[in-house]
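Before any comments, here is the structure.
Throughout, numbering of the chain's residues begins at 1 and tracks the sequence. Keep in mind that the numbers below use all heavy atoms, side chains included, and drop hydrogens, waters and symmetry copies.
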Amino acid sequence: MKLKFSSLAFLPFLAGGISPGQNSLTLEKTALVQHVDKNAKLAQVMVDTVFSYGELGFQEFETSKYLTGILEKNGFKVERGIAGIPTAWMASWGSGKPVIALGSDIDCIPQASQKPGVAWHEPLIPGAPGHGEGHNSGVPLNILAALAVKEQMEKNHLSGTIKIWPGVAEELLGAKAYYVRDGYFKDVDAVLFAHVGTNLGARWGEGGQTGLISLQYNFHGESAHAAAAPWRGKSALDAVELMDAGWNFHREHLRPQQRSHYVITNGGDQPNVVPQSAAAWYYFRELDYDHIKGLWEDGDRMAKGAALMTQTTWDETILGSAWPGHYNKPIAEDLNANATQIGLPVWSADDQALAKALQHEIGAPESGLDTELHTPRPPSTMASSESGPSDDIGDISWNVPTIVLSYPANIPNLPGHNWANAIAMATPIAHKGVITGAKVQAMTLYDLMTKPELVAAAKDYFINVQTKTVKYKSLVRPEDKPAIFMNKATMEKYRAEMQKYYYDASKYPTYLDQLGIKYPTLTKPASR
């Protein structure tokens, strides 16, 4: 349904101040900010609803159905099932140039089910997935920004096309390389990505982000009775363990920039049967294409050696991939100027109390929520040697001028990929952070729509700086397909129980109200 709200009187938790920079906004940007504020209730409903779905990568069916429904009600045309991925889609509005695409991720984290607003580990459903990365907030932010800019484009008869798309299975690095391969960014002039954070702004250049290849090594042997005739068996599990041992010895001789880790996804059936099949899932991370390929080749040699030692065979399945990111300087500078005008949200005493209570609970520095804007610094001269996590937005960044907006919708000093990172994500902290981020995203989108010189500068940086000597080569091969089978069994196990907790915005003002949680809940009951 299309939600329209003319008053914010019923949303005291979103009340804040106006930063000094907002007083100098142009009439158009003032209108953008006002439009976002008028849609504050829609923001809260979207954030809370997606939080309640808590769907793992490639299984984001409820999330995608809900978000595309809102977009269609607001005039966007939606192409579903893009790149052979059932939960992926591309929504479009407008016509002509420039074409600006807004993206953010929608999947969640295994075993991160968590009651929001409660400052300790309290799962809604033990063992179930949950939004322990905050991916419930980014597409709602982009929808708010797009609707604000759409209104101004209609009012001022501006040409241009807005696209909105989801990062499906980002935690698996599973989709964006396939979006690129299938041409969904071929005619796009710039990409504004958004990812939850604790402050406000966008960095540019490279550094601090690895690329990776995600591979499952599948070993095939011969079963036998493990007590009566073990000599007749060929253990695929032995091959997995030998490969893992070999890789762990090999780490000593790898660059410090590499990151590699694995889990055994199939260890056999039961102890008295020699395992005829077994598998290990690896992430090989490095700072550039050639070094990632080098780790991949090393992994293949380990698999070959393990198979030779155990008289088994092996093959591999690509489960995901990502390039390290490189982000556009002119667009990042424009966004950071807009962020300076908007400033951080005004946090309430309750917001700060929840943040400090959670930080205390997990033994992190009790600094509370950020109150000072930290504009991202330019990349250091050592950027090329920095290591860190991965995001497949990197693949898109090497095909289209791209930046990543970090917006303050979560609590600092948390471990990441953890139940603790879910606690703020359906509370006033997330709601305020999304509203703030949407204002900055809308202003930057509007700048790209109305300033041809900004689009030209972004393209010049992309061609003459970023890709002058480095050219994109996809890590996925022509025969590879998205691993859409992943997480299906887990969601089938938990979905029926999770449905009982889906947010009903027609009955409850917020998800906290539906769950009967007093905000903030800071003290554990004495019986715990």
Side-chain angles (χ1 to χ4, degrees), residues 56-58 107 109-111 133 169-178 209-221 235-268 275 277-310 312-324 387-392 394-395 416-417 473-477 479-490:
L56 292 167
F58 290 122
D107 59 329
I109 299 292
Q111 300 192 52
E133 175 77 357
E170 186 276 333
E171 300 301 344
L172 304 174
L173 293 310
K176 298 187 186 79
Y178 294 100
Q209 181 178 326
T210 56
L212 68 75
I213 188 70
S214 170
L215 295 162
Q216 180 164 286
Y217 287 94
N218 310 297
F219 291 90
H220 313 282
S235 174
L237 179 58
D238 287 352
V240 163
E241 292 185 295
L242 285 166
M243 179 181 177
D244 294 345
W247 187 263
N248 287 328
F249 279 107
H250 187 52
R251 290 177 197 274
E252 178 186 358
H253 309 290
L254 297 173
R255 299 194 332 153
Q257 292 89 342
Q258 75 86 30
R259 299 287 188 272
S260 54
H261 13 264
Y262 62 86
V263 295
I264 297 175
T265 55
N266 176 10
S277 62
W281 178 13
Y282 273 79
Y283 275 12
F284 296 133
R285 304 184 197 252
E286 252 286 4
L287 297 184
D288 57 55
Y289 175 88
D290 290 334
H291 282 100
I292 295 167
K293 287 285 287 185
L295 293 178
W296 185 351
E297 291 166 0
D298 289 349
D300 285 358
R301 280 192 291 271
M302 298 290 170
K304 181 179 180 181
L308 286 171
M309 285 187 283
T310 55
T312 58
T313 60
W314 70 280
D315 55 60
E316 65 188 10
T317 305
I318 289 183
L319 300 180
S321 70
W323 263 61
S387 192
S390 309
D391 191 319
D392 50 354
D395 286 79
H417 292 183
K473 294 174 286 186
S474 180
L475 286 159
V476 298
R477 302 162 299 199
E479 68 270 21
D480 293 319
K481 297 179 180 180
I484 60 174
F485 57 87
M486 297 188 74
N487 292 321
K488 182 179 179 181
T490 301

On a heavy-atom basis, which atom in [X] and which in [Y] lie closest, and how many Å separate them?
{"X": "Gln209", "Y": "Ser390", "answer": "CG-CA, 4.2 Å"}
{"X": "Ser214", "Y": "Trp281", "answer": "OG-NE1, 2.8 Å"}
{"X": "Gly174", "Y": "Pro482", "answer": "O-CB, 4.3 Å"}
{"X": "Thr312", "Y": "Ala239", "answer": "OG1-CB, 3.7 Å"}
{"X": "Tyr289", "Y": "Ser474", "answer": "CE1-O, 4.1 Å"}
{"X": "Ile213", "Y": "Ile292", "answer": "N-CG2, 3.9 Å"}

inquiry  = With side-chain hydrogen bond (donor to acceptor under 3.5 Å, both in side chains) as the test, pick out the partner of Tyr217 among Asp244, Thr265, Thr317, Asp300.
reply    =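 Answer to the side-chain hydrogen bond (donor to acceptor under 3.5 Å, both in side chains) test with Tyr217 among Asp244, Thr265, Thr317, Asp300: Asp300.
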
If you round to the nearest 0.5 Å, how far is [atom2] of [Y] from [atom1] of [X]?
{"X": "Asp298", "Y": "His291", "atom1": "CG", "atom2": "NE2", "result": "10.5 Å"}
{"X": "Met302", "Y": "Glu297", "atom1": "CE", "atom2": "CD", "result": "12.5 Å"}
{"X": "Leu215", "Y": "Tyr283", "atom1": "CG", "atom2": "OH", "result": "10.5 Å"}
{"X": "Leu242", "Y": "Leu308", "atom1": "CG", "atom2": "CG", "result": "11.0 Å"}
{"X": "Leu475", "Y": "Asp392", "atom1": "CG", "atom2": "CG", "result": "11.5 Å"}
{"X": "Arg259", "Y": "Leu212", "atom1": "CZ", "atom2": "CG", "result": "12.5 Å"}

Working for side-chain contact (heavy atoms from CB on, under 4.5 Å), residues Leu172 and Asn487 = CA-CA 10 Å; Leu172 304 174; Asn487 292 321; 3.7 Å; yes

message = One pair to check against side-chain contact (heavy atoms from CB on, under 4.5 Å): Leu254 and Glu286. What are the steps and the verdict?
response = CA-CA 10 Å; Leu254 297 173; Glu286 252 286 4; over 6 Å; no

key: Side-chain H-bond candidate by donor/acceptor type, Asn248 with Tyr262, under 3.5 Å   =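 There is such a pair between these side chains.
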
request  = Can you establish whether the number of heavy atoms outside Glu316 located under 6.0 Å from its atom CD is more than 12?
outcome  =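 Yes.
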
request  = Answer yes or no: are there more than 12 heavy-atom neighbours, outside Glu252 itself, under 6.0 Å from its atom CD?
outcome  =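 Result for CD/Glu252: open.
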
inquiry  = Does Trp314 form a side-chain contact (heavy atoms from CB on, under 4.5 Å) with Val240? I'd like the steps, not just the answer.
reply    = CA-CA 10 Å; Trp314 70 280; Val240 163; over 6 Å; no

Plane angle bin for His250 and His253 - parallel if under 30°, tilted between 30 and 60°, otherwise perpendicular =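 The arrangement is tilted - the two ring planes meet at 30° to 60°.
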
task = Please work out whether the ring planes of Tyr282 and Trp247 are parallel, tilted or perpendicular, with thresholds of 30° and 60°.
result =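 Perpendicular: the ring planes of Tyr282 and Trp247 meet at over 60°.
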
query = Are the side chain of Asn218 and the backbone N or O of Ala279 linked by a donor-acceptor pair below 3.5 Å?
reply =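 Not at all, since once roles are kept as given, no pair shorter than 3.5 Å links the two residues.
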
ask   = Is it true that a side-chain atom of Asp107 and a backbone atom of Glu170 form a donor plus acceptor pair closer than 3.5 Å?
value =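 Side chain of Asp107 to backbone of Glu170, a donor-acceptor pair under 3.5 Å: yes, one is there.
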
ask   = Got Lys176 and Asp391 here, is their nearest side-chain heavy-atom distance under 4.5 Å?
value =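 Yes, close enough: below the 4.5 Å cut-off.
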
ask   = If we only count heavy atoms from C-beta on, is the Ser235 to Thr310 side-chain gap below 4.5 Å?
value =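 Not in contact.
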
ask   = Could you walk me through whether Thr210 and Leu287 pass the side-chain contact (heavy atoms from CB on, under 4.5 Å) check?
value = CA-CA 5 Å; Thr210 56; Leu287 297 184; 3.8 Å; yes

message = Could you check whether Lys293 pairs with Asp290 (Lys NZ or Arg NE/NH1/NH2 to Asp/Glu carboxylate O, under 4.0 Å)?
response =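 No.
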
task = Could you tell me which residues satisfy side-chain hydrogen bond (donor to acceptor under 3.5 Å, both in side chains) with Ser321, sequence neighbours excluded, listed by chain and number?
result =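 side-chain hydrogen bond (donor to acceptor under 3.5 Å, both in side chains) check on Ser321 returns nothing, list empty.
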
